[in-house]
Amino acid sequence: MKKWLIGKSISELAQIVETLALPAYTAKQLAEWLYKKRVKEIEQMSNLSKSSRQALAEEYEVGGFSPVESLISTDGTKKYLFPTLKGSTIESVMIPEEERATLCVSSQTGCKMGCHFCMTGRLGFNGNLTAGEIISQFINVEESENLTNVVFMGMGEPLDNVAEVFKSIEILTADWGFGWSPKRITLSTIGVYPALKDFLDNSKCHLAISLHNPFEEERIQLMPMEKAYPISETVNLIRNYDFSGQRRVSFEYIMFNGWNDDKRHADGLIRLLRGIECRVNLIRFHEIPDFPLKSSQMGMMEIFQNRLNKAGLIATIRSSRGEDILAACGQLSGSNRKILKKQINSTGE
Ligand code: SF4
């Protein structure tokens, strides 16, 4: 199999060009063909000489995977299933809103973090995605040209795959790449550091922290990595950064009935986040098989939200998207092809 050109940074392209003894300016031309013109074949790179194209094509191809399946929710959310270079599958989710089209990309096949409420966590870990596989999701969804936002919130913990995730962010935001503003990109993490510090120091993208419980001894029950990355340390790190301007930090809080949705938890959250300019997203839990907790009732969520708002924390209840196609937060498994096929058949597609 030939190596992929997509997913290469400008310095890697320069290295390829140098190794093949092509003119140095070819690197910029390659980036333009890959990330601005989005060609699928080296042959289409018409301002490269024939011999340059031949030299490239001996070892490389543009690369990328088309989705093998897609499924549309009744609310317009669309889930894509992509193959990976190692022969597994991953999922990406496109979420349309009034003035936005957000793509939720995966960064790993499975995940090491093992959060008990998450289908991806149950898969275990099957490998990191390359920057090429991450960018391929962005390029190959049907809505690619109309996307307004990207969130690293699909399968995997992005800060457990920093080299490839940071490179894909560089490709999305660099002038020689897609030229997106970092304000259109959000990275979601359970708080893996020192990678989190690296991200905060070296990028201007937004940050979302999967919090789910303000008390360490309770959070560890559902999120075993709390032991390695305590939420208090994550929040203390975040305190050192300025989120009062363009850059935003939000805290994701999935609400479980009777587990984290009472006054004590609301007050714990208020204490934990005091002084941080942030938003709290309260999320309804989408049930998964063999997991005992259920979602909080809407009434309970509203009481919780009001308590946070009264204390000066901006809290919103997120509308649930894509529940019917298992595209909601924590439901991505990449292995539910049978379900996917069954649902596609039942919708007559
Ligand atoms: Fe991994 Fe995120 Fe799922 Fe936790 S919630 S297991 S970090 S994908």
Side-chain angles (χ1 to χ4, degrees), residues 71-79 91 93 95 97 102 104 111 113-123 151 153-155 157 186 188-191 208-226 231 250-270 272-273 278-310 313-336 339-340 343:
L71 188 62
I72 303 177
S73 161
T74 48
D75 65 16
T77 302
K78 195 165 173 187
K79 181 161 78 170
E91 293 171 355
V93 180
I95 307 149
E97 288 164 301
T102 301
C104 176
C111 184
M113 303 299 136
C115 306
H116 297 316
F117 53 83
C118 171
M119 293 285 277
T120 308
R122 286 192 184 178
L123 290 177
V151 292
M153 223 179 251
M155 298 170 70
E157 164 54 67
T186 302
S188 172
T189 174
I190 62 163
I209 300 288
S210 302
L211 202 160
H212 312 318
N213 199 308
F215 305 118
E216 299 184 3
E217 64 285 3
E218 292 181 21
R219 189 171 184 254
I220 204 169
Q221 294 168 6
L222 291 197
M223 301 175 75
M225 293 312 274
E226 164 67 26
I231 189 64
S250 58
F251 292 88
E252 311 292 304
Y253 197 91
I254 300 179
M255 295 201 65
F256 300 97
N257 185 28
W259 188 73
N260 65 353
D261 61 352
D262 59 11
K263 183 170 161 296
R264 185 175 65 87
H265 289 92
D267 291 344
L269 205 50
I270 292 162
L272 182 69
L273 302 182
C278 64
R279 177 178 290 271
V280 178
N281 291 320
L282 304 174
I283 304 163
R284 209 165 71 78
F285 177 56
H286 303 276
E287 285 175 35
I288 60 169
D290 306 320
F291 182 74
L293 295 177
K294 310 267 179 237
S295 178
S296 303
Q297 299 295 318
M298 188 48 83
M300 204 66 188
M301 291 178 74
E302 283 167 358
I303 294 169
F304 197 92
Q305 178 193 22
N306 287 338
R307 196 162 180 91
L308 299 187
N309 286 341
K310 272 193 192 135
L313 261 183
I314 304 169
T316 46
I317 297 177
R318 275 236 226 108
S319 60
S320 44
R321 305 293 303 263
E323 192 172 1
D324 55 334
I325 56 167
L326 302 183
C329 190
Q331 289 188 313
L332 301 184
S333 74
S335 62
N336 53 11
I339 299 170
L340 207 58
Q343 293 189 349

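Nearest heavy-atom pair across Gly268 and Pro214 is C-CB, 3.7 Å. Listed here is the closest heavy atom pair of Leu308 and Ala315: CD1-CB, 3.7 Å. Of all heavy-atom pairs spanning Ile190 and Met225, the tightest one is CD1-CB, 3.5 Å. Across Leu211 and Leu272, no two heavy atoms sit closer than the pair CD1-CD2, 4.0 Å. Smallest separation of non-hydrogen atoms from Ile220 and Glu217: CG2-O, 3.4 Å.
Asp267 places no side-chain N or O within 3.5 Å of a backbone atom of Arg264 that could act as its donor or acceptor partner. Not one N or O on the side chain of His116 forms a donor-acceptor pair closer than 3.5 Å with the backbone of Pro224. The backbone N or O of Ile254 sits less than 3.5 Å from a side-chain atom of Asn260, completing a donor-acceptor pair. With hydrogens and angles ignored, the 3.5 Å screen pairs a side-chain donor or acceptor of Glu226 with a backbone N or O of Ile231.
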**Study point:** CA sep, side-chain torsions, deciding dist, call: Trp259, His265, side-chain contact (heavy atoms from CB on, under 4.5 Å)
**Key:** CA-CA 9 Å; Trp259 188 73; His265 289 92; over 6 Å; no
Review point. Under the side-chain contact (heavy atoms from CB on, under 4.5 Å) criterion, do Phe304 and Leu269 qualify, and how do the steps go?
Key: CA-CA 10 Å; Phe304 197 92; Leu269 205 50; 3.9 Å; yes
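The CG atom of Leu222 sits 11.5 Å away from the SG atom of Cys118 when rounded to the nearest 0.5 Å. Atom CZ of Arg122 is separated from atom CG of Asp290 by 5.5 Å, given to the nearest 0.5 angstrom. Note that CE of Met255 and CZ of Arg318 are 13.5 Å apart. Values are rounded to the nearest 0.5 Å. The structure places CD of Gln305 at 11.0 Å from NZ of Lys310, a figure rounded to the nearest 0.5 Å. One finds the NE2 atom of His286 at 13.0 Å from the CE atom of Met119 (value rounded to the nearest 0.5 Å). A distance of 5.0 Å separates CD1 in Ile317 from CE in Met301, rounded to the nearest 0.5 Å.
The aromatic rings of Phe285 and Phe256 sit tilted, their planes meeting at an angle between 30° and 60°.
With a 6.0 Å radius and a threshold of 12 heavy atoms from other residues, nucleotides or ligands, Glu216 has its CD atom above the threshold.
The residue from Arg219, Glu218, Gln221 that alone fulfils the side-chain hydrogen bond (donor to acceptor under 3.5 Å, both in side chains) condition with Asn213 is Glu218.
A heavy-atom distance below 4.5 Å is not found between the side chains of Leu293 and Asn257. The side-chain heavy atoms of Met155 and Glu91, taken from C-beta on, include a pair separated by under 4.5 Å.
The ring of Phe117 has its center closer than 6.0 angstrom to the ring center of His212.
A side-chain donor-acceptor contact under 3.5 Å links Glu157 and Thr189.
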